[in-house]
Amino acid sequence: KNPCHQCGGRGVERRRRDVKVRIPPGVEDGQRIRVAGRGAAGANGGPPGDLFVVVHVGKHPIFGRKGKDLTVRVPITFTEAALGTQVKVPTLDKPVTVKVPAGTQSGKTVRVRGRGIDTGKGSPGDLLVTFDVVVPKKVDGAAKKAIEDLGDALTENPREHLGV
């Protein structure tokens, strides 16, 4: 006749509580983690249900992610792209040196095996390095003359396949 104010006579009340949840390495955005027995109370005095936690992984300022693979965009100069070189590339632990082949085009991606996400299950993912050729915004003096001479020396037409 006189239900309590807390539960309204149901025998169960809702309240906030802190629950420690172990987030496994390599968890992906939107992945659900089940915590057994930490959900809502069961009906009619039954056992509690399970708690499902949906993980939201924040954006990283340097790296992107595709499954277990990490992605990173690395700017290189025109000279480095044309002649080839080796550049240092960041990873999650320490930088690695990656070869830039001569004639590298902007957008070319190379794979560094085993430098991606390590989930603790099987082999880790890879690091996918995409090169972005950076064109100088301002060119003058000797640099301008050198680029003009280069343009005169190169005879290849990059638009030949377009018929123009």
Side-chain angles (χ1 to χ4, degrees), residues 2-139 158 161:
N2 298 320
C4 81
H5 298 292
Q6 296 287 343
C7 70
R10 294 178 313 177
V12 176
E13 67 179 5
R14 292 182 70 139
R15 61 182 162 173
R16 292 184 64 99
R17 64 181 171 179
D18 291 335
V19 177
K20 287 188 177 185
V21 179
R22 186 184 157 288
I23 307 294
V27 69
E28 294 190 35
D29 191 52
Q31 186 172 336
R32 291 182 349 154
I33 297 174
R34 182 175 151 261
V35 184
R38 298 303 300 230
N44 298 324
D50 296 337
L51 171 68
F52 287 91
V53 177
V54 179
V55 178
H56 296 286
V57 179
K59 299 287 181 203
H60 193 277
I62 297 174
F63 299 106
R65 185 168 173 189
K66 291 182 180 176
K68 290 184 2 179
D69 295 336
L70 286 178
T71 62
V72 64
R73 298 190 78 87
V74 176
I76 58 174
T77 66
F78 169 77
T79 307
E80 291 171 328
L83 302 177
T85 190
Q86 292 187 353
V87 295
K88 286 214 180 265
V89 174
T91 68
L92 289 177
D93 50 357
K94 61 183 180 185
V96 295
T97 301
V98 175
K99 181 181 179 183
V100 178
T104 294
Q105 301 295 311
S106 195
K108 177 179 176 60
T109 301
V110 296
R111 180 179 302 269
V112 181
R113 298 221 180 268
R115 292 300 187 140
I117 302 291
D118 188 358
T119 62
K121 301 174 185 173
S123 61
D126 299 331
L127 176 65
L128 305 174
V129 180
T130 302
F131 296 115
D132 291 324
V133 178
V134 178
V135 178
K137 292 184 172 132
K138 184 178 178 187
V139 180
H161 70 285

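- Residues satisfying the salt bridge (charged side-chain N to carboxylate O under 4.0 Å, His left out) test with D69, not counting sequence neighbours, are R111.
- Residue G114 comes nearest to P124 through the heavy atom pair O-CG, 3.8 Å, listed as atom of the first residue, atom of the second, then distance.
- Put simply, NZ on K68 and OG1 on T119 are 4.5 Å apart, with the number rounded to the nearest 0.5 Å.
- The ring pair (Phe, Tyr, Trp, His ring centres under 6.0 Å) pairs that include a residue from residues 57-87 are H60-F63, where partners are two or more places apart or lie in different chains.
- Under the side-chain hydrogen bond (donor to acceptor under 3.5 Å, both in side chains) criterion, T109 pairs with T130, sequence neighbours left out.
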List the steps and the verdict of side chain to side chain contact (heavy atoms under 4.5 Å, CB included) for L70 and L92. CA-CA 9 Å; L70 286 178; L92 289 177; 3.4 Å; yes

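- Across all their heavy atoms, P90 and I62 have their closest contact at CG-CG2, 4.1 Å.
- Annotation: side chain to side chain contact (heavy atoms under 4.5 Å, CB included) contacts of V135 (sequence neighbours excluded): none.
- For D93, the salt bridge (charged side-chain N to carboxylate O under 4.0 Å, His left out) partners at least two apart in sequence or on another chain are R115.
- P48 and G37 make their closest contact through CG-O, 3.6 Å (heavy atoms, listed as atom of the first residue, atom of the second, distance).
- R22 meets the side-chain hydrogen bond (donor to acceptor under 3.5 Å, both in side chains) test with no other residue; sequence neighbours excluded.
- Between the CZ atom of R113 and the CG atom of D126 there is a distance of 5.5 Å, given to the nearest 0.5 Å.
- With sequence neighbours left out, the side chain to side chain contact (heavy atoms under 4.5 Å, CB included) criterion links H161 to no other residue.
- Of all the heavy atoms in R38 and V19, the pair that sits closest is NH2-CG2, 3.8 Å.
- In this structure R34 satisfies the side-chain hydrogen bond (donor to acceptor under 3.5 Å, both in side chains) test together with D50, sequence neighbours excluded.
- Among residues at least two apart or in separate chains, side chain to side chain donor-acceptor pair (under 3.5 Å) pairs with a member in residues 76-86 are T77-E80.
- Looking at residues two or more places apart in sequence or on another chain, you find a salt bridge (charged side-chain N to carboxylate O under 4.0 Å, His left out) between D132 and R73.
- Between the NZ atom of K66 and the CG atom of L128 there is a distance of 6.5 Å, given to the nearest 0.5 Å.
- For P24 against I33, the heavy-atom pair with the smallest separation is CD-CD1, 3.7 Å.
- Contacts of P101 classified as side chain to side chain contact (heavy atoms under 4.5 Å, CB included), with partners at least two apart in sequence or in another chain: T104, K108.
- Heavy-atom minimum distance, P95 versus K88: CB-CD, 4.4 Å.
- With a 4.5 Å cut-off on side-chain heavy atoms, V89 and V112 do not count as touching.
- A search for side chain to side chain contact (heavy atoms under 4.5 Å, CB included) contacts involving V134 returns P75, not counting sequence neighbours.
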